[in-house]
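Before any comments, here is the structure.
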Amino acid sequence: MTPTPIILDCDPGHDDAMAMILAAYNPAINLLGITTVSGNGIINKVTENALRVCALAKINVPVAQGAGASLLGAVEAASDIHGETALDGAPLPAATFALQPGHGVDLIAKLVREHPEKVTLVATGPLTNIALFLKMYPELQDRIEAIVFMGGSAGRGNRTPYAEFNIWMDPEACDVVLKSGLPLTMIGLDVTHQALITKEIFARLEGLNTEIAKTLSGLMRFFAQTYNDVFEMPDPPLHDPIAVAVLIDSTVTKNRFVNVEVELSGLHTRGATVVDIYSRTGGKANVDVALELDFDKFWTMMLDAVEAAGR
Ligand code: BDR
Ligand code: CA
């Protein structure tokens with residue numbers, strides 16, 4: 001089977017870094033390029049992190065910097081979770097190659113235009129770049145196979161009581177994506193909170209005994225500490241790589257195809273995804289929403305990729 005061509009749009013970020021490694025080291029994925037978006041940190045921090053993770057994991061694909069603010073101009077950071085650098089916890093090597101010139105959205109367009117097959121967009125940060133791409137390059141929309149995004153929730157949020165961080169950062173961008181008519185898969189907190197880095201997972205990661213596994217363990221231990229401090233979760237959830245994992249093996253999650261809208265003006269709920277699990281609104285189904293995770297399958301895939309990156 002030919003590997004699935006993807007572009008990863010991300011805001012590294014601890015779990016974004018792991019998504020990069022899974023995308024680069026699983027043979028079922030053809031990682032065409034990486035674009036960055038402001039989210040876990042301001043744009044130049046997350047871009048620097050993307051380049052450093054490439055150096056750490058010997059990932060060699062074009063990387064371009066994307067949007068530095070949401071569609072409405074908001075800039076925030078998740079330093080309570082990811083630290084001051086947006087990727088605290090272990091020293092990372094310096095970048096080994098330069099950024100692509102130009103905006104990330106233009107790199108997405110170039111890669112999509114030049115690739116012979118349809119391309120899947122995987123978003124693990126706010127959806128700003130993806131929305132800009134859809135609006136700026138409507139002629140390329142039929143070159144997109146699907147969009148898989150980590151964000152949202154069918155239940156509670158994590159940035160506000162009802163809004164998940166990525167969607168809360170740029171609800172208008174999420175609205176553009178939800179209304180695009182493209183095949184969409186949502187990897188929300190419902191499923192990502194099942195991808196816990198348990199003690200056994202830490203032991204398997206550290207048991208790989210490679211330099212990269214040691215560095216990743218340092219990063220994940222930082223992430224575990226902030227998750228415990230902020231959310232009282234002793235085992236932190238590794239959200240973002242699930243958005244790659246579902247393209248490697250669709251049976252890694254169980255999904256429901258339902259209507260999803262995003263709250264743009266709620267008094268307390270701006271950025272909440274409204275997921276019509278029981279089809280009560282009559283709204284047209286537009287999103288395949290992942291709800292259950294095959295924990296063992298996911299972690300075997302993730303740790304195999306870390307092992308391959310260490311060879
Ligand atoms: C999402 O927010 C970020 O902090 C993580 O990288 C993930 O993409 C989880 O809500
Ligand atoms: Ca992220």
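Because the structure is a prediction, the values reported are computed rather than measured. Order of appearance sets the numbers: ligands from 1, and atoms from 1 within every ligand.
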Over 12 non-hydrogen atoms of neighbours within 6.0 angstrom of OH in Tyr25: yes
Distance flag, aromatic centroids of Phe222 and His14, threshold under 6.0 Å: yes
Separation between CZ of Arg256 and CE of Met186, rounded to the nearest 0.5 Å: 13.5 Å
Linked, directly or transitively: Val122 and Ile29 (ILVMFWY side chains, under 4.5 Å): yes
Residues Lys214, Glu211; criterion salt bridge (Lys or Arg N to Asp or Glu O under 4.0 Å); working and verdict: CA-CA 5 Å; Lys214 278 183 212 153; Glu211 282 310 309; 3.3 Å; yes
Pairwise, report which nitrogen or oxygen atoms of ligand 1 are under 3.5 angstrom from protein nitrogen or oxygen atoms, and how far apart they are.
residue  : atom   : partner : partner atom : Å
ligand 1 : 4 (O)  : Asn40   : OD1          : 2.8
ligand 1 : 4 (O)  : His82   : NE2          : 2.8
ligand 1 : 6 (O)  : Asp15   : OD1          : 2.6
ligand 1 : 6 (O)  : Asp15   : OD2          : 3.2
ligand 1 : 6 (O)  : Asp16   : OD1          : 3.0
ligand 1 : 6 (O)  : Asn40   : ND2          : 3.0
ligand 1 : 6 (O)  : Asp240  : OD2          : 3.2
ligand 1 : 8 (O)  : Thr124  : O            : 3.0
ligand 1 : 8 (O)  : Asn166  : ND2          : 3.0
ligand 1 : 8 (O)  : Asp240  : OD1          : 2.6
ligand 1 : 8 (O)  : Asp240  : OD2          : 3.1
ligand 1 : 10 (O) : Asn158  : ND2          : 2.9
ligand 1 : 10 (O) : Glu164  : OE2          : 2.4

Neighbour count above 12 (heavy atom, 6.0 Å) for Lys135 NZ: no
Chi angles and distances behind the salt bridge (Lys or Arg N to Asp or Glu O under 4.0 Å) call for Arg270, Glu172: CA-CA 10 Å; Arg270 177 168 155 81; Glu172 282 70 24; 2.9 Å; yes
Main-chain N/O of Lys199 paired to Arg204 side chain as donor or acceptor, under 3.5 Å: no
Heavy-atom donor-acceptor pair, Asp190 side chain to Ala154 backbone, under 3.5 Å: yes
Under 3.0 Å from the Ca ion (ligand 2), the protein N, O or S atoms, given as residue and atom: Asp11 OD1, Asp16 OD1, Asp16 OD2, Thr124 O, Asp240 OD2
